[in-house]
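Numbers restart at 1 for each chain; the letters A, B, ... are given by sequence-line order, proteins then strands. Quantities reported herein were computed from a predicted structural model and do not represent experimental measurements.
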Amino acid sequence: METVPKLGNNVPPKKDKLQGKKKKPRRYWEEETTQTAAGASPGPPRKRKRNRELRPQKPKNTHSTKKSRISKKPQVPKKPRERRSPGPQRSLSGAQDPFTGPAPVPVEVVQKFCRIDKSKKLPRSETKIRSRLEAAEAQEEEISVKAARSELLLAEEPGFLEGEDGEDTAKICQADIVEAVDIASAAKHFDLNLRQFGPYRLNYSRTGRHLAFGGRRGHVAALDWVTKKLMCEINVMEAVRDIRFLHSEALLAVAQNRWLHIYDNQGIELHCIRRCDRITQLEFLPFHFLLATASETGFLTYLDVSVGKIVAALNARAGRLNIMTQNPYNAVIHLGHSNGTVSLWSPAMKEPLAKILCHRGGVRAVAVDSTGTHMATSGLDHQLKIFDLRGTFQPLSARTLPQGAGHLAFSQRGLLAAGMGDVVNIWAGQGKASPPSLEQPYLTHRLSGHVHGLQFCPFEDVLGVGHSGGITSMLVPGAAEPNFDGLESNPYRSRKQRQEWEVKALLEKVPAELICLDPRALAEVDVISLEQEEKERLERLVRSRPPRARAFLTPTSCPHHVLRSAVPCLGSLFQVSLLSPPSGLRSRHQASLPAKAKAEGPQLYSKSGEEEEEGHG
Amino acid sequence: MKVKMLSRNPDSYVRETKLDLQRVPRNYDPTLHPFEVPREYVRALNATKLERVFAKPFLASLDGHRDGVSCLAKHPKSLATVLSGACDGEVRIWNLTKRKCIRMIQAHEGFVRGICTRFCGTSFFTVGDDKTVKQWKMDGPSYGEEEEPLHTILGKTVYTGIDHHWKEAVFATCGQQVDIWDEQRTSPICSMTWGFDSISSVKFNPIETFLLGSCASDRNIVLYDMRQATPLKKVILDMRTNTICWNPMEAFIFTAANEDYNLYTFDMRALDTPVMIHMDHVSAVLDVDYSPTGKDFVSASFDKSIRIFPVDRSRSREVYHTKRMQHVICVKWTSDSKYIMCGSDEMNIRLWKANASEKLGVLTSREKAATDYNQRLKEKFQHHPHIKRISRHRHLPKSIYSQIQEQRIMKEARRRKELNRIKHSKPGSVQRVSEKKKRVVAVVK
């Protein structure tokens, strides 16, 4: 081990003699090693020296079998050569690789890709199953590290807007931004002056390439807004309540005064769906191919657009429905009601999955962010609240607005836009996962009319606002996800690519029954029904035994047995998830809640897994 | 004011010419890929359905024999060659790629009882009902030459089976006793007996090549070491074992095909309980053969079907049958582990895929990646009830189906009776015996 640092020195023995007489020209690698040997090194060699100092730990590290690929500190690279033998390290020239071993990966990035809950201990089980579980976990970790490493290849950086020392970014107006940015970005800011056909609703396609808007007085148009190429423009001669692209830009659903109509990108009416009448709001669930419609009659109807069937028609029993949004994380529909509650719906259940009392007056607008963790609501009490959707449904922050927000929208990177009268305010948070802080707006903009529709454009730093004076496309730096996934939604896709994507997407259409609060529940062990089954099995066994032998088999003595067998019989675990999705909030989920929240929070579910386990003991 | 807008250069996202490949930038951020689990589940469901759609295992039927096929042998060096012996004494050599018979020999009078190839693949041995052991050259006779065996050994009794040593010029026959022969001599090197019953088959261990196993009609399986003159030990089962097969990967594991419709996998170090009982057949199991990987084996049964079992599962993963296939007498798993051959009573040899839905031929890399991905998905979601039901469903002939129902009832009745017996007798006087222990009558050393 002592020889390692000297390797570089020892290679040419002659030069050592020269060193005594005068300063000889050195290669960069020689310099490093000699300097560390001397103990004085500025800049990068210092890091190497520290590595040396850490070397005595080496045997300790090699002892520990668990090899972590994640560096604990993102900035300091991992000790490069701790587990390599020095022999094969040496190259022909005597140079040492300063960056040996796998590149370090920051913990936060790995955390983002991590799909398993490390905090949860593995159940006590047979060694065979335990080792299999451990192997699966190790594989999972490796996958997340690999995915984190591939972050390096992402080409684009997100946008930003910063004020110079103390300058308030909210004071910066659109004209300033347009002036400051490049021509291509400046072209994304535009105003469509359409005063004639009244307040507009608008919708961007999933790729962010196309924009459709419909005016209250019947004007419907779709265009490729980047190139400003008009696809179609028609007047449906009827009030247009809402407009929504279906899975691709070729189909357009328009909620008209009486019925729901579907048009293609030429403006030709393809379908008139009379079973959905007097629709006020539309939402499209792209992975389920479901068009959710909320109607004046109080029905929430799910229409499967791939087969044209109505999957579910749910009576919300809350009067006229005109506030609806979807949670993009789990495809649950959030409805806002006039009594201040927001109810969560899935097509598999006749009753709401949850009801959250949000406001003292009626709810005016609801929006859910792309990670499904935060919900923003605004009500008639002029409050704007942000709720945590991960189980507790508690407000995280609230703020009173002078006017109250009538429209809300979340961007891909977690910016929150609110339309209040003819003003649009945008709030930003710290990062993608954190909620927007409501103290100081990030941007504000005054429009020429009252806001009627708001949506951030996916994959572009643009906020589309439909108002009574037409359409405005605002520039909001840092709003959108910079790097899209080409196989998921590609703004630059060709016709052929779109067709292929369409076939694939249809093939993997998720059944409507699978919509539940936790979309990962399908991959987890359904502990509750497993325990139930085990209990029944034991009871059957007890009944068949002679009375004297029963003493050993009383159900009270079984929790250990149940736990131990929880994983071995993986065979019969997954029943409930298919049949009754709303049991999605399972033990693992509940277990992560703080005890206080469990006691105080709204009692949404009758039982949690933990409680049942305790009941046995 | 510092501002940066997201501004992409379309040139880096769109291909330059029509001849280029489309550019597909990837971002693995989980928020851009929502519904990961439900989508994977749907993919797994689709893959499982497609697997059932493409499950067409039957490849070819080799017809030509004029009587039931009684034994099969693989060529040790050539994948395409297979040998078969029939009940009329005829031996045929087949070419599987051409699916044609390339040679016919009238080897014996009466049944060909056993056939085995020499490890080098230059010759093969047959035994028949005419009390002879014959060695034949693998290549046919040249022009003008008579079709004659290289050697013929006249024995005193009928031989019922033969197997060749995996490395040396030694072979073993069975009949009234197990004889070990040197290829050069006309009398056995040694004869081993344990009891007085006819032995139906003998098999050399492919790894510990001095070990042999045989099964006799007095319900026992006897193990021998060739280097000592007496047998090692034997296990007596409930009913007669028809044949055994050694695991080619684990030296001490063998599987026995039993008359009581089950197969028993034994560890030869602990014969008192079988490692696994494989049950699914509804009639006597006649033959068994391991895949070269040692992970699965195939069994042929009198119920006109063949089944494939994983070694560590008690239920079969696959059942093959056709309308015309009668009682299957012999079965072999080819050395590339891709195909299965079975010879049956109605004079045909059938060729099956070992993996029913596998696509044959060269796969492109994309096809291969897709199959691997689907395989992994199926594995991941295999326990989900809907997927499990689809992947487990097999169409069965009415006779087998009704037999299965009947046997389920019988088994339940036996279980009930045992429980009742325990219930109504003095506690502790009647003990429950595990299903595995029940089947083994005795182990003798």
Side-chain angles (χ1 to χ4, degrees), chain A residues 112-113 147 150 154-164 167 172 176-177 180-182 184-185 188 287 328-329 331 370-371 432 460-461 475 477 480-488 490 492 494 497 507-511 514 519-520 522-523 544 546 548-549 570-575 578, chain B residues 1-15 18 22-47 49-50 312 376-377 380-388 415-416 418-420 422-428 430 432:
Chain A
K112 189 171 86 174
F113 291 100
S150 72
L154 299 182
E156 304 282 342
E157 293 279 314
F160 59 84
L161 175 66
E162 282 169 13
E164 276 160 20
E167 188 189 0
I172 298 168
D176 295 341
I177 297 175
V181 296
D182 56 320
S185 305
K188 288 171 191 163
F287 295 98
Y329 171 68
S370 62
T371 56
K432 203 171 175 182
E460 290 289 356
D461 282 344
L475 300 188
E481 172 65 45
N483 296 289
F484 56 87
D485 190 284
L487 295 183
E488 203 69 77
N490 185 350
Y492 297 97
S494 64
Q497 276 177 309
L507 275 177
E508 58 191 50
K509 182 182 84 168
V510 181
L514 292 185
R520 299 196 64 84
L522 199 60
S544 69
R548 276 181 61 189
L570 277 167
S572 56
L573 312 185
F574 299 96
Q575 326 67 345
L578 279 183
Chain B
M1 176 181 79
K2 273 201 287 184
V3 63
K4 178 193 175 277
M5 281 274 287
L6 188 59
S7 167
R8 300 191 188 88
N9 183 6
D11 290 346
S12 51
Y13 293 97
V14 181
R15 60 179 175 179
K18 279 198 163 177
Q22 295 281 9
R23 288 185 182 158
V24 184
R26 298 303 309 271
N27 184 357
Y28 298 102
D29 188 347
T31 49
L32 292 184
H33 301 268
F35 304 103
E36 186 185 57
V37 173
R39 284 162 81 193
E40 275 189 352
Y41 170 77
V42 173
R43 279 180 205 163
L45 188 65
N46 289 344
K49 285 177 184 170
L50 282 182
D312 51 354
R376 194 85 181 90
L377 281 180
K380 182 173 176 185
F381 291 95
Q382 62 185 334
H383 297 301
H384 284 251
H386 198 42
I387 288 178
K388 195 161 140 196
R415 198 188 71 88
R416 206 169 50 233
E418 194 189 338
L419 279 178
N420 284 342
I422 294 171
K423 211 189 223 167
H424 296 293
S425 51
K426 193 180 158 196
V430 182
R432 279 202 67 155

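Side chains of A:Gln497 and B:Val24 form a contact here, defined as non-hydrogen atoms less than 4.5 Å apart. You'll find the side chain of A:Ser494 reaches within 4.5 Å of the side chain of B:Gln22, heavy atoms only. Taking the side chain as every heavy atom from C-beta outward, A:Leu522 and B:Glu40 never approach each other to under 4.5 Å.
Contact of B:Val42 with chain A is made through the side chain alone, with heavy-atom distances under 4.5 Å. With a 4.5 Å cut-off on non-hydrogen atoms, B:Gln382 does not touch chain A at all. The parts of A:Ala331 that come within reach of chain B are both its backbone and its side chain, each placing non-hydrogen atoms under 4.5 angstrom from that chain. Of the atoms belonging to A:Glu481, heavy atoms from both backbone and side chain fall under 4.5 Å from chain B. When heavy atoms are compared at a cutoff of 4.5 Å, A:Asp182 approaches chain B solely by way of its side chain, counted from C-beta outward. Both the backbone and the side chain of A:Leu487 come within less than 4.5 Å of a heavy atom in chain B. Contact of B:His33 with chain A is made through backbone and side chain together, with heavy-atom distances under 4.5 Å. When heavy atoms are compared at a cutoff of 4.5 Å, B:Asp29 approaches chain A by way of both its backbone and its side chain. Both the backbone and the side chain of A:Phe160 come within contact range of chain B, each with at least one heavy atom under 4.5 Å from a heavy atom of that chain. The part of A:Lys509 that comes within reach of chain B is its backbone (N, CA, C, O), which places non-hydrogen atoms under 4.5 angstrom from that chain.
Checking side-chain atoms of A:Asp461 against main-chain N and O of B:Met5 turns up no donor-acceptor pair under 3.5 Å.
In this pair, B:Tyr13 and A:Tyr492 present their aromatic rings parallel. The plane angle is below 30°, not in the 30 to 60° band.
Interface remark: of the candidates B:Asn46, B:Asn27, B:Val37, B:Asn27 forms the most heavy-atom pairs closer than 4.5 Å to chain A. Of the residues considered (B:Arg15, B:Glu36, B:Arg39, B:Arg43), B:Arg39 shows the highest number of contacts with chain A, using heavy-atom pairs under 4.5 Å.
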